Amino acid sequence: MLLIWTLSLLLGTVVGKEVCFPRLGCFSDDTPWAGIAQRPLKILPWVPEDVNTHFFLYTNENPDNYQVRELIELIADPSTIANSNFRTDRKTRFIIHGFIDKGEEKWLANICKNLFTVESVNCICVDWKSGSRTGYTQASQNIRIVGAEVAYFVQVLQSAFEYSPSDVHIIGHSLGSHAAGEAGRRTNGTVGRITGLDPAEPCFEGTPELVRLDPSDAQFVDVIHTDASPIIPNLGFGMSQTVGHLDFFPNGGKEMPGCQKNILSQIVDIDGIWEGTRDFVACNHLRSYKYYSDSILNPDGFAGFPCASYNVFTANKCFPCPSEGCPQMGHYADRFPGKTNGVNQIFYLNTGDASNFARWRYKVTVTLSGKKVRGHVLISLYGNKGNSKQYEIFKGTLQPHSTHSNEFDSDVDVGDLQKVKFIWYNKVINPTLPRVGASQIMVERNDGKVFNFCSQETVREDTLLTLTPC
Ligand SMILES: [Ca+2]
Ligand SMILES: [Ca+2]
């Protein structure tokens, strides 16, 4: 009893420890920063010199080689940014990496390069590898320094160049998402947008909004969840909790297609051994920034559907998009008219298993004709933008006049439908050579537009039947 009493006295004297730094202010280990269930260890962030945050500026004028901006130089003389390729009439997008990662990693600059193909922008990759390559608990505190440095950068832009924080977009992966949230909190939510790419779960899930990314950190917050399984025992690094205005759960948010490959096949990938090992330990977690990167080049290839759950979505019950449309996951999420109508709006979609991850979902309804046999029915779509592969619509008894529907995610955007091809098979030898057809096929696009096709013909197994508009 005496021991417990003494301990509580000792602990009491520790409460309220804080460290203060010029320009960044003070950081305490008070609750909820530390000493709560999700972060029991009373630790403080490192000093800014040890986190050593750097800003690598890429622009349309220097897409391949960054201009290093030492923050200390910027503060002493804001004209250093004026002498760079930074343009005050452009948006500024910061990209912040996560745990163990670094600002020189290719994926950050690749996002910038994709951006330069669609817009003129100041693209700043934030490096804090000195603070990220340590124990996870320490790194999760060091993001407070990173967030403060980014916030300070935004404030210098505002005071020295009258640059509006609403033209700032901060993209953060993993722990970087919460660094973005901290930067946003320190600028009073005036930053235009924050994108959380699979925000880190440990030390953040279920914590107060103060310490983690939440919708109040920016005018608009969008989130992509790709590793939402629990950290214990599944090692799912990402949050399952919704923390934005729009929260996207591609492929259900837990297991990403293409992530089941074994380590050997990963290592022989062109990106080399490090990328292979990264993908092996954290494939689902890293998918979030790959989806974002592809979304820049595919403005309508990541439509997210509002739905009660992913199971309901895969049961084909959330198609097409509602009248207000579907938001796009990734870069163009800010084009959604209802983006800030509420917080924690949830959306589901499927992606591909490798880049290009974009997909376009279609609903196809087939009315059969001809003989009654068992078999599989497949169709392919032909449109003014491209032609799809064959997708299975139904298997079972092919009963004339029966109607069957299915939805699928095409890797091709076919645009406006022009014709449809039908094929059936059963691999059963049948000397009567049965013929099956489709009297009508209805194709619905995700925007609700419907295309109808008809045919009077029937065909033998494995023979294409073309249906024309009707
Ligand atoms: Ca917050
Ligand atoms: Ca998780």
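In listed order, ligands and their atoms are each counted from 1. These numbers were taken from a predicted model, which means no experiment stands behind them.
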Side chains of [X] and [Y] only: does a donor on one sit below 3.5 Å from an acceptor on the other?
X      : Y      : result
Asn122 : Thr92  : yes
Asn298 : Arg359 : no
Asn114 : Ser293 : yes
Asp300 : Trp360 : yes

Looking at Arg93, Lys91, Arg90, which hits salt bridge (charged side-chain N to carboxylate O under 4.0 Å, His left out) with Glu119?
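It is Arg93, the one option of Arg93, Lys91, Arg90 that forms the salt bridge (charged side-chain N to carboxylate O under 4.0 Å, His left out) with Glu119.
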Are any side-chain N or O atoms of Glu407 and backbone N or O atoms of Lys317, one a donor and one an acceptor, separated by less than 3.5 Å?
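It does not hold such a pair.
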Please report the C-alpha distance between Lys385 and Asp413 in whole Å, then the side-chain angles of each, then the deciding distance to 0.1 Å, and finally whether the salt bridge (charged side-chain N to carboxylate O under 4.0 Å, His left out) criterion is met.
CA-CA 6 Å; Lys385 285 192 183 171; Asp413 169 17; 3.1 Å; yes
Counting no waters, how many protein N/O/S atoms sit under 3.0 Å from the Ca ion (ligand 1)?
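Protein heteroatoms (N, O, S) closer than 3.0 Å to the Ca ion (ligand 1) number 5.
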Distance filter under 3.0 Å, centred on the Ca ion (ligand 2) - protein N, O or S atoms that pass it:
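The answer, once waters are left aside, is Glu201 OE1, Ser229 O, Gly236 O, Gly238 O.
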Least distance between heavy atoms, Gln241 atom then His225 atom
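Looks like O-CE1, 3.1 Å.
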Identify the two heavy atoms, one from Asn284 and one from Thr226, that lie closest to each other, and give their separation to 0.1 Å.
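For Asn284 versus Thr226, the nearest heavy atoms are O-OG1, 2.7 Å.
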